[in-house]
Amino acid sequence: MSDPVSSRVALVTGASSGIGRALAKVLALEDGYAVGLVARRADRLEDLAREIRGAGGRAAVAEADVGDREAMRRAHDEVVRALGPVDLFVANAGMASGTPALAPDAAGFEREVRTNLLGAFYGIEAVVPGMVARGRGHVVAISSLAARRGFPGSGGYCATKIALTRLMESLRLDWKPAGIHTTTVHPGFVKSEITDAQQRPLPFLVDTEPAARRIARAIRKRRKRCNFPWPTAVLSRVASWLPDALLVRLHRRSPD
């Protein structure tokens, strides 16, 4: 373990797979945090907790759907009882179900809003009062480079990610005097269950572990933003200027 901070506690949502799982391992086994693992799939969380404990780290499991406000509060309380007050909160849980614009589905849109946006705020609601009382803390939100503009078939996902980015920008201004730091992460395509289900090209796809290490470095340095990989960051900026018709054609291009 390098630079141990074993007295500190990190709570990571969406820890059962993808970035959340990989980041929880880095925080526990390289940065020395005791980690609270939160997600809906308790069996996967228990597997991860055993792996962390077997490698000498500390971990606690709290099953919860982040889109359920009371469940998120209970999960926070369980982690605090098991490990202590939360110093680092990572709002990672997210989903991308697609938005069928020609056959609008309010229920699907609501699920994305509840998970990607409200779920992050429910966690913030639970952890921030304790951070304010102690005069320190760090809140990390996993947004997306998709926040740069709307993309075909992804209205709900893009809307929730830009909303999350703007939420964090605003909260940062209010939290700074209270000693609370923020990092908003904008990844491109990172290998996960979401990307595995895609049937279109995913340029500059990043493996999960390198992505987690990139995020962990940003947390250590208390960076306000973390955008990666750089080619996708550049492309997303260019996409914000592309004509709609060209963007639609590029998006619908079939894989080779």
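All figures in this text were calculated on a predicted structure; none of them were measured in a lab.
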Is there a donor-acceptor pair under 3.5 Å between the side chain of Thr13 and the backbone N or O of Asn92? yes
Here the pair of heavy atoms bringing Asp105 nearest to Pro100 is CB-CG, 4.3 Å
What are the two closest heavy atoms between Val12 and Ala15, and how far apart are they? O-CB, 3.6 Å
Spell out, as yes or no, whether a donor-acceptor pair under 3.5 Å connects the side chain of Lys25 to the backbone of Glu30. no
Quick one: do Asp77 and Arg74 satisfy salt bridge (charged side-chain N to carboxylate O under 4.0 Å, His left out)? Show the steps, please. CA-CA 5 Å; Asp77 293 346; Arg74 288 194 299 270; over 6 Å; no
Pair up each side-chain donor or acceptor in residues 59-68 with any protein partner under 3.5 Å, not counting sequence neighbours, and list the distances.
unit_1 : atom_1 : unit_2 : atom_2 : d
Asp65  : OD1    : Gly67  : N      : 2.9
Asp68  : OD1    : Glu70  : N      : 3.2
Asp68  : OD1    : Ala71  : N      : 3.1

Within the distance-only criterion (no hydrogens, no angle test), does the side chain of Thr115 pair as donor or acceptor with the backbone N or O of Glu112 below 3.5 angstrom? no
Rounded to the nearest 0.5 Å, what separates atom CZ in Phe89 from atom CD1 in Ile180? 12.5 Å
Please check: side-chain N/O of Thr182 versus main-chain N/O of Val139, any donor-acceptor pairing under 3.5 Å? no
Can you find a side-chain donor-acceptor pair between Ser17 and Arg41 that sits under 3.5 Å? yes
Less than 4.5 Å apart, side chain to side chain, heavy atoms only: is that true for Arg214 and Val190? no
Taking every heavy atom of Ala24 against every heavy atom of Leu37, the minimum-distance pair comes out as CB-CD2, 3.7 Å
Return the set of residues passing salt bridge (charged side-chain N to carboxylate O under 4.0 Å, His left out) with Arg134 (not counting sequence neighbours), or none when no residue passes. none
Tightest non-hydrogen contact, residues Leu83 and Gly36, listed as CD1-N, 3.7 Å
Could you walk me through whether Arg172 and Met168 pass the side chain to side chain contact (heavy atoms under 4.5 Å, CB included) test, one step at a time? CA-CA 6 Å; Arg172 182 178 73 237; Met168 290 294 288; over 6 Å; no
